[in-house]
2 protein chains.
Amino acid sequence: MADLSHGDDADAVNALRSAVMRLGRRLKHQRVDETLSPTEMSVLGTLARCGSATPGELARKEHVQPPSMTRIVALLEAKGLVRLEPHAEDRRQKVVTSTERAEAMLEESRRKRNAWLTAMAEGLDEDEWSKLRAAAPVLEKLAHL
Amino acid sequence: MADLSHGDDADAVNALRSAVMRLGRRLKHQRVDETLSPTEMSVLGTLARCGSATPGELARKEHVQPPSMTRIVALLEAKGLVRLEPHAEDRRQKVVTSTERAEAMLEESRRKRNAWLTAMAEGLDEDEWSKLRAAAPVLEKLAHL
DNA sequence: CGTAACTCATTACCTATGCTAAGGAAAACC
DNA sequence: GGTTTTCCTTAGCATAGGTAATGAGTTACG
């Protein structure tokens, strides 16, 4: 594992935490569809990546409690972005699948997000941006740990 | 500026957004002092870095609306972590200063945060961690842009 | 000067989004 | 076959943010 005991790493940790929190708050405001919360967007993204999933699986992946996921899935279904089907072998569970409409929305949202981040990146040079690009997968891994 | 038009960067942008959001959610739960919200912590951090500031300045820096900052400052004052003084030249404004107690708490919290992130970093190798460390300042810059 | 317009902080109220606790149905396990 | 466990859900609550409206203080302009 990495050694986090000396000062530079402690500083990095603090910078990371602070930046992630603030950036997260700003990203919330840049939602592509005003009627969709950040977590709802994130769920659609997860479904696009992983295909179908049960509410429980989604709750674990999004680090949210099951009751919260129940509501999120219900809202997504009401908006026609997700389909709910009975589970094949286990009748307690349900299977959540994103619709074609969700795919289209994700594509649209990707464009808008990029536009916003492009504006943000005006203030970054190529070197800074490449550091960010290199760190993106690591942050993802960390978020899933 | 960086070129965000091709696919790799679009992917990086998506990964970044998703990871920042999820990591932010998990960091919220790892608060060092249960009685302090993440934004309250962030305000104390800002004060430690920048010295005194008015509520309005803090609201802008934390990307929060003024009324929210009013409440945050009031809570911090009630906990003895912040001192409120009248502004020298402008009697509309107030000056917020962190107390010695806040400094001690920040130091304590830094230790606890590091412990948590150390546990997280168990799953990272040295290369991944160094990428993260390189990106930390860039993320901070982005968060402040 | 004095009043109009603006700015800063605050108050009051509302909403969004998460949580815990509790329940009901299906599966798994003696 | 009855008990325990697992999964989703319902109900109620807490937190943390936002908007709109208020009040006090400052600045600008006529």
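Predicted, not measured: the structure shown is a model, and the values here were computed from it. Numbers restart at 1 for each chain; the letters A, B, ... are given by sequence-line order, proteins then strands.
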Checklist entry - Which is true for A:P66 with a 4.0 Å heavy-atom rule: it touches a base, it touches only sugar-phosphate, or it touches nothing? => result base

Checklist entry - Is B:P67 touching bases, backbone alone, or none of the nucleic acid, heavy atoms closer than 4.0 Å? => result base

In whole angstrom, what separates [X]'s [atom1] from [N]'s [atom2]?
X	N	atom1	atom2	answer
A:K94	D:dT10	NZ	P	7 Å
A:E89	C:dA28	CD	C1'	15 Å
A:R91	D:dT5	CZ	P	22 Å
B:E85	C:dA9	CD	C1'	17 Å
A:I72	D:dT10	CD1	C1'	16 Å
A:E57	D:dC8	CD	P	8 Å

Establish, with yes or no, whether the OP1 or OP2 oxygen of [N] is under 4.0 angstrom from a side-chain nitrogen or oxygen of [X].
X	N	answer
B:T39	D:dA16	no
B:S68	D:dG18	yes
A:T70	D:dT10	no

Next on the checklist: Quiz question: going by heavy-atom distance under 3.5 Å, is there a donor-acceptor pair between the base of D:dT6 and the side chain of A:R92?
Outcome noted: yes

Checklist entry - Where do A:P137 and A:A134 come nearest, in terms of heavy atoms and distance? => result CD-O, 3.3 Å

Item to check | Heavy-atom pair of closest approach, residues A:V95 and A:P86 | outcome: CG2-O, 4.3 Å

Checklist entry - Which sits closer to the 5' end of DNA chain C, B:D90 or A:Q65, going by the nucleotide each is nearest to? => result B:D90

Next on the checklist: If we check side-chain contact (heavy atoms from CB on, under 4.5 Å) with A:S52, which of these qualifies: A:V96, A:T97, A:L47?
Outcome noted: A:T97

Checklist entry - Hey, is B:E77 close enough to B:R83 for a salt bridge, meaning N to O under 4.0 Å? => result no

